[in-house]
Number of protein chains: 2
Amino acid sequence: MPVRRGDELRCLYAIRAGFFKTSLVDSEGREQVTCFFMSGELLGMDGLGSGRCPGNAIALEDSDVCAMPYSLIEKIGREVPSLQRRVHAVLAREIVRNHGVMLLLGTMRAEQRLATFLLNLSRRFERRGYSESEFHLRMTREEIGSYLGLKLETVSRVLSAFHEDGLLDIDNKHVRIVNLAGLERVLAARN
Amino acid sequence: MPVRRGDELRCLYAIRAGFFKTSLVDSEGREQVTCFFMSGELLGMDGLGSGRCPGNAIALEDSDVCAMPYSLIEKIGREVPSLQRRVHAVLAREIVRNHGVMLLLGTMRAEQRLATFLLNLSRRFERRGYSESEFHLRMTREEIGSYLGLKLETVSRVLSAFHEDGLLDIDNKHVRIVNLAGLERVLAARN
DNA sequence: CGGCTTCTTGATCCTCTTCAAGGGTGGTGG
DNA sequence: CCACCACCCTTGAAGAGGATCAAGAAGCCG
């Protein structure tokens with residue numbers, strides 16, 4: 001069941017298993033996917049302190065989460081300084097991560113955005129003990145495009161081009177990175 | 001004196017007077033202005049919990065700040081629940097604000113980005129007791145462009161076009177908004 | 001199987017970038 | 001006070017990168 005903007009929100013959700021997207025819709029109906037979350041990550045940080053959900057969150061596959069009430073986080077934070085500091089660090093890291101996405105949206109061209117996206121997914125899968133080179137995309141081309149500020153056709157085209165260049169194999173949502181160094185080199189390309 | 005990425009950072013800075021920009025540079029040299037800060041706002045939230053400065057911060061005019069050591073914020077947060085909650089709220093609001101910028105960068109065209117930017121400045125000046133319709137831009141066209149994901153020439157052109165359309169008068173860095181409702185209407189334009 | 005959503009690929013168009021030139025502005029030193 | 005220089009801004013012309021429009025193929029589910 002999706003969580004909608006404006007809903008009451010009293011908990012942080014630690015994702016035990018599964019995959020989520022969060023999105024934002026403005027007053028003119030423009031929609032932007034703001035983040036993809038996977039197991040081990042924290043959902044709902046943007047509602048901390050306000051009790052309101054400022055965006056939408058939707059699971060992209062069967063998922064399992066652990067709800068941690070804000071009130072509890074605040075209470076334990078007061079009692080255990082090291083946890084308090086961790087909460088601050090997690091929130092600050094989320095801000096830094098957002099700045100990285102802003103840099104991507106503001107300065108990179110389509111190929112570089114896709115390469116960054118795939119390398120980021122790869123690293124996150126690897127850290128969870130999955131293959132860094134072979135994985136399933138849980139989201140549609142349209143959702144990838146929304147996240148990266150591109151249209152779905154462009155996403156499709158760039159992925160095809162990567163395949164042409166021998167950087168990866170792609171069969172629908174199944175990705176196998178063939179030339180990881182080559183993908184990294186895309187990021188350095190002119191400009 | 002600028003603060004540079006990686007510098008040790010132990011304080012949050014409350015801006016008493018002045019104007020700042022923060023920016024991020026990636027490994028390939030791409031630079032993005034991540035935010036402009038003015039009086040009454042908090043600088044350095046992204047270093048909270050880590051003690052490292054993850055970006056650059058530079059004053060764009062003579063400024064006056066109040067340094068609040070992280071250690072003090074943590075200590076008082078433990079003792080005063082209402083302050084603890086405020087810290088959380090401020091951090092969470094910063095995340096939400098970033099999502100708004102991501103939406104701008106991912107979905108809006110040049111005119112809409114500039115209109116959003118000007119309206120945002122207008123509102124912030126108004127809240128501080130300054131004129132909402134007439135103010136000085138502290139940053140260059142290039143810095144505006146970097147923040148909005150545009151080139152400086154495009155910024156210049158769009159501002160000229162707004163003047164042509166009778167939406168505002170602009171003389172170098174001095175802006176006078178003539179038709180505020182018209183500027184807001186730009187946001188709703190097709191798409 | 002049939003209907004739906006998602007994905008791919010092509011052709012064309014449009015927005016913004018790039019490249020280039022010239023004009024303003026402000027600060028410094030003679 | 002004016003000349004000079006560095007930086008910033010404006011405007012034009014040409015080009016590129018994605019968007020848009022359109023058609024069809026492929027996967028998915030009842």
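Letters A, B, ... mirror the listed sequences (proteins, then strands); counts begin at 1.
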Extract from the structure each pairing of a protein N or O with an N or O of nucleotides 8-13 of chain C at less than 3.5 Å, listing the distance.
| residue | atom | partner | partner atom | Å |
| --- | --- | --- | --- | --- |
| dT8(C) | OP1 | R141(A) | NH2 | 3.2 |
| dT8(C) | OP2 | R141(A) | NE | 2.8 |
| dT8(C) | OP2 | R141(A) | NH2 | 3.4 |
| dT8(C) | OP2 | S156(A) | OG | 2.7 |
| dT8(C) | O5' | S156(A) | OG | 3.1 |
| dT9(C) | OP2 | S160(A) | OG | 2.6 |
| dG10(C) | N7 | R157(A) | NH1 | 2.8 |
| dG10(C) | O6 | R157(A) | NH2 | 3.1 |
| dA11(C) | N6 | R157(A) | NH2 | 3.4 |

_Nearest atoms (heavy-atom pairs only) where V33(B) meets Y147(B)_ =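 For V33(B) and Y147(B), the tightest heavy-atom pair comes out as O-CD1, 3.4 Å.
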To the nearest Å, how far apart are [X] [atom1] and [N] [atom2]?
{"X": "Q112(A)", "N": "dG17(D)", "atom1": "CD", "atom2": "C1'", "result": "12 Å"}
{"X": "R138(A)", "N": "dC28(D)", "atom1": "CZ", "atom2": "C1'", "result": "18 Å"}
{"X": "H174(A)", "N": "dC28(D)", "atom1": "NE2", "atom2": "P", "result": "13 Å"}
{"X": "E142(A)", "N": "dA19(D)", "atom1": "CD", "atom2": "C1'", "result": "14 Å"}
{"X": "K173(B)", "N": "dT10(D)", "atom1": "NZ", "atom2": "P", "result": "10 Å"}

*Please check if any side-chain donor atom of Q32(B) sits under 3.5 Å from a side-chain acceptor atom of H99(A), or the reverse.*
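Absent: no donor and acceptor within the cut-off.
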*Strictly by modelled atom types, are Q84(A) and R78(B) linked by a side-chain donor-acceptor pair under 3.5 Å?*
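Result is yes, a qualifying pair exists.
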*Classify the nucleic acid contact of G149(A) as base, sugar-phosphate or nothing, counting any heavy atom under 4.0 Å across all strands shown.*
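Touches sugar-phosphate only.
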*Flag yes if more than 12 heavy atoms outside Y130(A) fall under 6.0 Å of its OH atom; otherwise flag no.*
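No.
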*Heavy-atom donor-acceptor pair, T107(A) side chain to L104(A) backbone, under 3.5 Å*: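 No: the side chain of T107(A) does not pair with the backbone of L104(A).
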